[in-house]
Amino acid sequence: MKEVGKIWMNAKLVPFKNAKVHVLTHALHYATAVFEGIRCYNTPKGSAIFRLPEHVDRFFNSAKMYSMKMPYNKKQITDAIIKTVKNSTLKECYIRPIAYYGYGELGLTPTQNKVDVAIACWPWKMGESKAGKFTGAKCKISSWIRIDSAAQPMKAKAASNYANAGLARVEALKEGYDEAIMLNNQGKIAEGSAENIFILKNDKIITPPLTAGVLEGITRDSVIQIIEFNGGEIIEADLDREDLYVADEVFMTGTAAEVKSVTEIDKTVIGNGKPGKITKALQKSFIEVTMGKDERFISWLKYIKN
Ligand SMILES: Cc1ncc(COP(=O)(O)O)c(C=O)c1O
């Protein structure tokens, strides 16, 4: 990790190297943390944070789902994110706000501990993400089932979700794939380990509904809005594994992945084995939106002056 700038910890900017926690921090033992992943893009008009209010809202909703009392309000967190990015002097970066139960008691009940909040950012260039972004990812349907929302709130972006996602990711990588796709406990397609998923079949774009137990992805929402603004239609419907195999195109969306083409699933070639026409068009539209070149979505960018 490139150590740049400072990390905001409980309202203080501390040098990157000194942003440390105690080994008995509650979240380290019980995964009692919620977090966000946000991007700041280097646009022709300067650095801009993508869909900041939506990320801040989700951050607070995630905390609420876990009865975690955020010690700052949304405006304070928003300002802190902007301040951290400005302080980093990075023109483009990935931003990671995290709220977690800190050091204090180490029993299972988290709520007796103080909630600590930190915000860090680090360099992450556009287009620079996991294998397969522009060439097409090779995915595996994971043998690990996505945690059921009846077991824990999967709409929360919580650290505890990522043990499950990590198992799927590692399994896929060990077997030579780029990414995992997880089924829910009904055997329906849920999502990737850190992405939502879409298919194109007979000119229809379909994505699993939020009730499939998936994260309410902000990139998912952005892509849906872009398609709808362009006169297209999105169908939210449960998908079976075989729907993916016979799809004309498959793509994934996420803050890190942006719009990523999937060209192989379980060694079955999707479409003609190359990133599809609609996926490529969406990648292009998404770049235009994040670069502030599409006036219709300009409100999604929070320009900051470095
Ligand atoms: C499990 C999971 N699904 C979907 C997404 C995509 O969400 P977003 O587009 O808000 O980054 C992510 C990434 O945050 C994720 O971790």
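The figures here come from the full heavy-atom set of this structure, side chains too, leaving out hydrogens, waters and symmetry mates. All ligand and atom numbering here is 1-based and tracks the order in the structure.
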Evaluate Asp240 against Lys188 for salt bridge (Lys or Arg N to Asp or Glu O under 4.0 Å), listing each step before the verdict. CA-CA 5 Å; Asp240 293 313; Lys188 303 293 177 190; 2.7 Å; yes
The test is salt bridge (Lys or Arg N to Asp or Glu O under 4.0 Å); show your working for Glu36 and Arg96 and say whether it passes. CA-CA 6 Å; Glu36 267 308 313; Arg96 166 58 50 82; over 6 Å; no
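Distances shorter than 4.0 angstrom do not occur between any heavy atom of Ser222 and any atom of ligand 1. At least one heavy atom of Arg146 lies less than 4.0 angstrom from ligand 1. Ligand 1 does not have Glu36 within reach: every non-hydrogen atom of the residue lies 4.0 Å or more from it.
Considering only non-hydrogen protein atoms, atom 7 (O) of ligand 1 sits nearest to Gly217 CA, 3.4 Å. Of the protein's non-hydrogen atoms, Thr219 OG1, 2.5 Å is the one closest to atom 9 (O) of ligand 1. In this structure, atom 3 (N) of ligand 1 lies nearest to the protein heavy atom Glu191 OE1, 2.6 Å. Thr255 OG1, 2.6 Å is the protein heavy atom nearest to atom 11 (O) of ligand 1. Atom 16 (O) of ligand 1 has as its closest protein heavy atom Tyr162 OH, 2.3 Å. Shortest contact from atom 5 (C) of ligand 1 to any protein heavy atom: Ala194 O, 3.4 Å.
The ring of Phe297 has its center closer than 6.0 angstrom to the ring center of Phe229. You'll find the ring centres of Trp8 and Tyr72 inside the 6.0 Å limit. Ring-centre distance between Tyr100 and Tyr66: not below the 6.0 Å cut-off. Aromatic rings of Phe251 and Phe286 (six-membered ring for Trp) have centroids beyond the 6.0 Å cut-off, not under it.
Looking at heavy atoms from C-beta onward, Thr255 lies in side-chain contact with Tyr94 at the 4.5 angstrom threshold.
The pair Glu236-Arg220 meets the salt-bridge criterion, since a charged nitrogen lies less than 4.0 angstrom from a carboxylate oxygen.
Only side-chain heavy atoms of Lys157 come within less than 4.0 Å of ligand 1; its backbone N, CA, C and O stay farther off. Under 4.0 angstrom from ligand 1, the non-hydrogen atoms of Ser193 all belong to its backbone.
Distances between N or O atoms of Thr253 and those of ligand 1 include no value under 3.5 Å. The shortest N/O to N/O separation between Gly37 and ligand 1 does not fall below 3.5 Å. Residue Arg220 has no N or O atom closer than 3.5 Å to an N or O atom of ligand 1.
Around atom 8 (P) of ligand 1, the closest heavy atom drawn from Val214, Ile218, Ile197 belongs to Ile218.
Heavy-atom proximity to Gly254, at under 4.0 Å, picks out these atoms of ligand 1: 6 (C), 9 (O), 11 (O).
When each of Glu258, Arg51, Glu54 is tested with Ser222 by the rule side chain to side chain donor-acceptor pair (under 3.5 Å), just one qualifies, namely Arg51.
Residues Tyr103 and Asn113 have side chains that never bring a donor and an acceptor to within less than 3.5 angstrom of each other.
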